[in-house]
Amino acid sequence: MSNVASKSEDKNYPLVYNENKKLFLKETEASVGHQIGDILMALHWSKFEGHETLHLTIEFNDLHNKLVQMDIPRSQLSGNPKLALDQLLNRGYECSRDKEDIRHILRYLDEARPEKTVHFTSRLGWHRKMFLSENNTIALDEKNILKYRPTTSTQPIDLGTSSTLEHWQEYALPLIECSSRMVFGVCQPLAAALRKPFTKIEGGGIHLHSPSGEETSSIGKTTAILASTSVFGKPDRLKLLNWQATMTGREELASQCTDFLICMDETANIEGNAKEVAKIISKTAFMFGSGQTKIRSKKFGPALTDTSVTTKAESADILYLSTGELSIAQIAKNGGFKRLQGEEVRLIDLPAVPSGGTIGIYEKLPNNWKKEGEASQLAAARLSEKVERSCSKYYGTALPVFIAHVENHFDEMQTRVKGLMQEFEKLAPPIKTGWDKRYIKRFALSYAAGMIAIDAKVLTWKKDVVKDAVLSCYCDARGCIPEPQRETSDAVQKLVKFLSSNILDVRKSKTTTLEQRKKTKGFRLKVTDRKSKIALKPSAFKHLFESNPSLCDAVLKQLCEDGLLMMEKNRPNHMTKQERIPGSDERLRYYVFKAKILKSKTSK
């Protein structure tokens, strides 16, 4: 806090607080003691993410007796006192206008030495082994504290609470249990909290859509998202995030909430034609899945006055839930695109209606719920209304209790999560390819999160409820993708891995030896100073897939569709292309790929 109290005992220190809590200049032989300003407290040092400048955080009552906190760069107190004074006056601080009095006030601030330093971050979630939310702080050590401060006045997500965990368990969970989609949705925020500290699973989303691409509303997709939201905050249809947000807005949101679930409602809200909509969704899926965003300037809050900031590429890989009438596959098709295999893992299509279901997102209705003579669809609609009312009354209490359990068992949690994920993989249908291995992990993590939440007494369901729900969602989602497509994806990844370690880079070479040309399976050739291509011998390509020769054509077709296979314009039916390797007089045929195949989405 302030240093006035301790220094007031020093006869040589001129400032004190008088009985009216005013800043008072002592009487001396040269001057008469008098009030020079209102109480002014130095609270702590402040450091802001992305800023190198140290700030002094002060507190005072303004002209309307309202408590004000503000941050002043320390360099201004001695280097530019007029600017510091202007800031105080603009925020309503009342003080003497006498130059000598002002000098004493600024000297007091310049000599302040608070014991604590508060480090502000805009990122909610895990920091070391502790979880930072809007309402708590993390003690880094005896003198340093970590605290959350958003980059804008708008909170990224609503983490409010209402009532108690017991009420949510009693009035919401029994209704949610009637739908595997809602049970799975409830596990998602818990999975988001486990993902980064305990797994290497990439970010990505689950997209709930109407069955068979039918444009059918009122089957409960938004209700499922609201049930999921109730785990960590207030569910409100009118305040749900939607796909209409700008790409920059989505980047900022994701970078601040990497350990939280983001819920986005209704892809139909995206403006543009079918092609533009498909591009926006594909770009968002890649950003949220890979964590790659643009490099942006970081500035914190309107109270900051210095503009010396560092730039950084934000991490934006998150877990998210999405809804829409159409599947992502159908949206891509309508836009004239074919989904890349990597994207199919980053943003997974999940039919909102369970396989064989007839009452929307529900597999069953509560006992004695359906009225005599009432259609099942109407009973399901009433149930959705009841779910939403319960979740809007009791919410936000489950995640904090779950986080507390994880913090208390942090050191053994990685082993626990890994074991439960392996347990789910054994329960699921046999995994045939590497693509399947990658695809199942998001569902396995949800299963692990649900089981840990039951152990922590956050979820009161029997364990079979979580197991059956996650298995149902996994099997229905996986069934949306044809088997050959998964095999092709795995084969493309195999080719990319092979190219990464079996090609000779001759971009800077004017010649090669005969022995090199015979032994090497492929070459990286210069196209321009910035572009290159990869020439692979047909024999090496065929040898790679000799156990399943049919994959050769499938892989080439896929790479052709992805724009990665280079062919001769006057021979469009030939997959190979003539190339001359430095040092050779002959032009031979190779499979030629654009160099970006090594870092393409397909390879992710």
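Computed over heavy atoms, backbone and side chain alike; hydrogens, waters and symmetry mates excluded.
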Among all residues two or more places apart in sequence or in another chain, which pass the ring pair (Phe, Tyr, Trp, His ring centres under 6.0 Å) test with [X]?
{"X": "Phe131", "result": "Trp126, Phe260"}
{"X": "Phe402", "result": "none"}
{"X": "Phe337", "result": "none"}

For the [atom1] atom of [X] and the [atom2] atom of [Y], what is their distance to the nearest 0.5 Å?
{"X": "Glu388", "Y": "Thr229", "atom1": "CD", "atom2": "OG1", "answer": "10.5 Å"}
{"X": "Asp158", "Y": "Leu240", "atom1": "CG", "atom2": "CG", "answer": "11.0 Å"}
{"X": "Asn548", "Y": "Asp490", "atom1": "CG", "atom2": "CG", "answer": "11.0 Å"}

Discussion item. Between Lys437 and Glu425, does any NZ, NE, NH1 or NH2 come within less than 4.0 Å of an OD or OE carboxylate oxygen?
Written reply: yes
Practice prompt. Give a yes or no on whether a salt bridge exists between Arg123 and Glu49, defined as a side-chain N under 4.0 angstrom from a carboxylate O.
Written response: no
Distance-only criterion, 3.5 Å: show the donor-acceptor pairs between side-chain atoms of residues 349-362 and protein atoms not counting sequence neighbours.
from	atom 1	to	atom 2	distance (Å)
Asp349	OD1	Ile328	N	2.8
Asp349	OD2	Ile328	N	3.3
Asp349	OD2	Ala329	N	3.1
Tyr362	OH	Ser384	N	3.3
Tyr362	OH	Ser384	OG	2.8

Tell me, please, which residues at least two apart from [X] pass side-chain hydrogen bond (donor to acceptor under 3.5 Å, both in side chains).
{"X": "Asp141", "value": "Asn144"}
{"X": "Lys275", "value": "none"}
{"X": "Gln377", "value": "none"}
{"X": "Tyr320", "value": "none"}

Discussion item. Measuring centre to centre across the rings, with the benzene-like ring taken for any Trp, is Phe410 within less than 6.0 Å of Phe198?
Written reply: yes
Nearest atoms (heavy-atom pairs only) where [X] meets [Y]:
{"X": "His207", "Y": "Leu347", "value": "CB-CD1, 4.0 Å"}
{"X": "Ile440", "Y": "Ala428", "value": "CD1-CB, 3.6 Å"}
{"X": "Ala278", "Y": "Gly335", "value": "CB-CA, 4.3 Å"}
{"X": "Val406", "Y": "Met413", "value": "CA-CE, 4.0 Å"}

Practice prompt. Determine, stepwise, if the pair Lys196 / Asp317 fulfils salt bridge (charged side-chain N to carboxylate O under 4.0 Å, His left out).
Written response: CA-CA 10 Å; Lys196 279 203 164 183; Asp317 62 320; 3.0 Å; yes
Discussion item. For Arg195, run the side chain to side chain contact (heavy atoms under 4.5 Å, CB included) check against Leu261, Leu319, Asp259 and tell me which one passes.
Written reply: Leu319
Worksheet, complete the sentence: Exactly one of Val186, Thr223, Leu321, Ile176 clears side chain to side chain contact (heavy atoms under 4.5 Å, CB included) with Ser228, and that residue is Leu321
Between [X] and [Y] (side chain of the first, backbone of the second, donor and acceptor by atom type, cut-off under 3.5 Å), is there such a pair?
{"X": "Thr323", "Y": "Glu266", "answer": "yes"}
{"X": "Trp168", "Y": "Cys391", "answer": "no"}
{"X": "Asp476", "Y": "Cys473", "answer": "no"}
{"X": "Ser230", "Y": "Ala227", "answer": "yes"}

Item to complete: Check step by step if salt bridge (charged side-chain N to carboxylate O under 4.0 Å, His left out) holds for Arg438 and Glu202.
Response: CA-CA 10 Å; Arg438 185 175 169 218; Glu202 62 190 347; 2.7 Å; yes
Side-chain donor-acceptor contacts of residues 456-471 below 3.5 Å, not counting sequence neighbours, with atom names and distances?
from	atom 1	to	atom 2	distance (Å)
Trp461	NE1	Leu173	O	3.1
Lys463	NZ	Asp455	OD1	3.4

Practice prompt. Could you note down all residue pairs passing side chain to side chain donor-acceptor pair (under 3.5 Å) where residues 392-411 supplies at least one of them, sequence neighbours left out?
Written response: Lys129-Asp411
Worksheet item: Restricting to pairs with a member in residues 377-386, which pass salt bridge (Lys or Arg N to Asp or Glu O under 4.0 Å), not counting sequence neighbours?
Response: Glu374-Arg382
Worksheet entry | Pair Ser327, His209: side-chain N/O donor-acceptor within cut-off below 3.5 Å | no
Practice prompt. Output, in order, the C-alpha distance, side-chain angles, deciding distance and verdict of side chain to side chain donor-acceptor pair (under 3.5 Å) for Glu363 and Ser179.
Written response: CA-CA 6 Å; Glu363 282 93 347; Ser179 166; 4.6 Å; no
Worksheet entry | Whether Phe424 and Tyr474 hold their rings parallel, tilted or perpendicular, with breakpoints at 30° and 60° | perpendicular
Item to complete: Not counting sequence neighbours, which residues clear salt bridge (charged side-chain N to carboxylate O under 4.0 Å, His left out) with Arg442? List them please.
Response: none
